[in-house]
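Values reported hereafter were calculated over all heavy atoms of this structure, with side chains retained and with hydrogens, waters and symmetry mates removed. Note that the coordinates shown come from a computational prediction; the quantities given were computed from them, not determined experimentally.
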Amino acid sequence: MLKIWYYGGTEYMNDAPSYFDNVYEDEWIEDEFVKEMIWDVDHSTVVSAHIIESPVLGAITPKELSGGVKVLILMLKDDEFVYNLSNCGNNCAKWVLKIAEQKDLTVYLQHMIRFEGEFEVQIMNTGKMVHNPKEYVDALLEAEAMQDEG
């Protein structure tokens, strides 16, 4: 299940993309699920653990992946921290939900990321469970108002 802290309430990894550069393992990049995320989000093909073919940059290493993909990989592979989902764009949203189907996932968020369809997310600031985009937006606005009040 996905649990979101919105604008506060928990400590989180501040610079996950740089952290990724120093801790990722070859096995992470070779994972089929990770390859799918890289293809979908960065439109790049994993050739090997050390070479990824980008249509824009050519041959790159995992260190040149987008910050969003790096955070997704960390969410999947490294439970050491709560990661800042604000490093991710809307193109990462479906992958966050897919990761949360595999494991309990708690993230920090500073903007509204666009989740679509039906899902199960708990907004930790309020404890509310949300199941669709409207409930999600309403709950984030409520959590934001709580933060503004102090």
Side-chain angles (χ1 to χ4, degrees), residues 1-25 28-46 52 54-57 60-150:
M1 178 169 59
L2 179 61
K3 300 173 185 172
I4 298 175
W5 284 102
Y6 191 62
Y7 273 111
T10 191
E11 292 185 18
Y12 59 92
M13 167 56 69
N14 197 33
D15 189 5
S18 293
Y19 173 70
F20 173 89
D21 292 347
N22 292 294
V23 302
Y24 80 88
E25 299 177 15
W28 296 2
I29 307 305
E30 294 169 338
D31 180 298
E32 290 302 319
F33 188 84
V34 170
K35 289 179 181 180
E36 287 180 48
M37 289 191 302
I38 292 170
W39 171 251
D40 187 54
V41 176
D42 282 2
H43 310 291
S44 298
T45 304
V46 175
I52 298 164
S54 164
V56 176
L57 302 173
I60 62 172
T61 71
K63 291 183 179 185
E64 284 79 45
L65 290 168
S66 69
V69 167
K70 289 178 181 181
V71 172
L72 289 173
I73 296 169
L74 286 168
M75 287 178 194
L76 180 66
K77 299 293 186 178
D78 185 342
D79 296 329
E80 188 72 25
F81 299 99
V82 171
Y83 294 101
N84 186 351
L85 189 55
S86 298
N87 288 302
C88 298
N90 289 328
N91 59 343
C92 295
K94 74 178 183 182
W95 293 104
V96 173
L97 293 174
K98 287 182 181 189
I99 293 167
E101 288 174 2
Q102 297 180 29
K103 63 192 263 185
D104 281 338
L105 179 64
T106 302
V107 299
Y108 176 81
L109 183 61
Q110 293 174 308
H111 73 282
M112 289 187 195
I113 192 166
R114 189 177 315 138
F115 295 117
E116 297 179 358
E118 296 292 316
F119 47 81
E120 184 170 88
V121 172
Q122 183 175 16
I123 307 303
M124 299 300 288
N125 310 59
T126 64
K128 285 194 175 178
M129 296 296 295
V130 298
H131 304 93
N132 60 56
K134 182 182 179 345
E135 290 177 2
Y136 165 74
V137 170
D138 290 345
L140 290 187
L141 292 173
E142 182 181 340
E144 187 174 3
M146 288 175 60
Q147 283 299 120
D148 291 343
E149 292 173 2

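- When each of L72, V46, T45 is tested with I38 by the rule side-chain contact (heavy atoms from CB on, under 4.5 Å), just one qualifies, namely V46.
- Between atom OG1 of residue T106 and atom CE of residue M124 there is a gap of 5.5 Å, rounded to the nearest 0.5 Å.
- Residues that satisfy the ring-ring contact (aromatic ring centres under 6.0 Å, His included) test with Y6, not counting sequence neighbours, are absent from this structure.
- Q102 is listed as a side-chain neighbour of L76, based on a closest heavy-atom distance under 4.5 Å.
- For the atom pair CG (L65) and CD1 (I60), the distance works out to 5.0 Å, reported to the nearest 0.5 Å.
- The structure places CG of N87 at 9.5 Å from SG of C92, a figure rounded to the nearest 0.5 Å.
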_Evaluation steps, side chain to side chain contact (heavy atoms under 4.5 Å, CB included), between L74 and M13_ = CA-CA 11 Å; L74 286 168; M13 167 56 69; 5.8 Å; no
*asked:* Apply side chain to side chain contact (heavy atoms under 4.5 Å, CB included) to residues V130 and D138 and explain how you reach the verdict.
replied: CA-CA 9 Å; V130 298; D138 290 345; over 6 Å; no
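- In this view, E32 and K35 satisfy the side-chain contact (heavy atoms from CB on, under 4.5 Å) rule, not counting sequence neighbours.
- The side-chain heavy atoms of L140 and N125, taken from C-beta on, include no pair separated by under 4.5 Å.
- Looking at residues two or more places apart in sequence or on another chain, you find no side chain to side chain donor-acceptor pair (under 3.5 Å) involving H43.
- By the side chain to side chain donor-acceptor pair (under 3.5 Å) test, E64 is found to be paired with T61, residues two or more places apart in sequence or in another chain being considered.
- In this view, S44 satisfies the side chain to side chain donor-acceptor pair (under 3.5 Å) rule with no residue, not counting sequence neighbours.
- Of the inter-residue distances, the one linking W5 atom CH2 with L85 atom CG reads 15.5 Å to the nearest 0.5 angstrom.
- How far CD1 of I73 is from CD1 of I29: 4.5 Å, rounded to the nearest 0.5 Å.
- For the ring-ring contact (aromatic ring centres under 6.0 Å, His included) test, residues two or more places apart in sequence or in another chain that qualify with Y108 are Y12.
- Taking each heavy atom of L105 and V96 in turn, the nearest pair found is CD2-O, 3.9 Å.
- Under the salt bridge (charged side-chain N to carboxylate O under 4.0 Å, His left out) criterion, the residue pairs touching residues 77-91 are D31-K77, D79-K103, with sequence neighbours excluded.
- Residues satisfying the ring-ring contact (aromatic ring centres under 6.0 Å, His included) test with F115, not counting sequence neighbours, are F119, Y136.
- Among residue pairs with one or both ends in residues 114-131, those qualifying as salt bridge (charged side-chain N to carboxylate O under 4.0 Å, His left out) are K128-E142; sequence neighbours excluded.
- Between S86 and Q110, the closest heavy-atom pair is OG-N, 2.6 Å.
- Nearest heavy-atom pair, G117 versus P133, reported as atom, atom and distance to 0.1 Å: O-CD, 3.3 Å.
- The list of salt bridge (charged side-chain N to carboxylate O under 4.0 Å, His left out) pairs with a residue in residues 93-102, not counting sequence neighbours, reads D40-K94.
- Scored by the ring-ring contact (aromatic ring centres under 6.0 Å, His included) test, Y7 finds no partners at all (sequence neighbours excluded).
- Note that CD of E144 and CE of M112 are 6.0 Å apart. Values are rounded to the nearest 0.5 Å.
- Looking at W95 and V71, their side chains never come closer than 4.5 Å, going by heavy atoms from C-beta outward.
- Pairs of residues two or more places apart, or lying in two chains, that qualify as salt bridge (charged side-chain N to carboxylate O under 4.0 Å, His left out) and include a residue from residues 3-24 are D21-K70.
- The shortest distance between side-chain heavy atoms of P62 and F20 falls below 4.5 Å.
- Under a 3.5 Å cut-off, the side chain of D42 and the backbone N or O of S66 do form a donor-acceptor pair.
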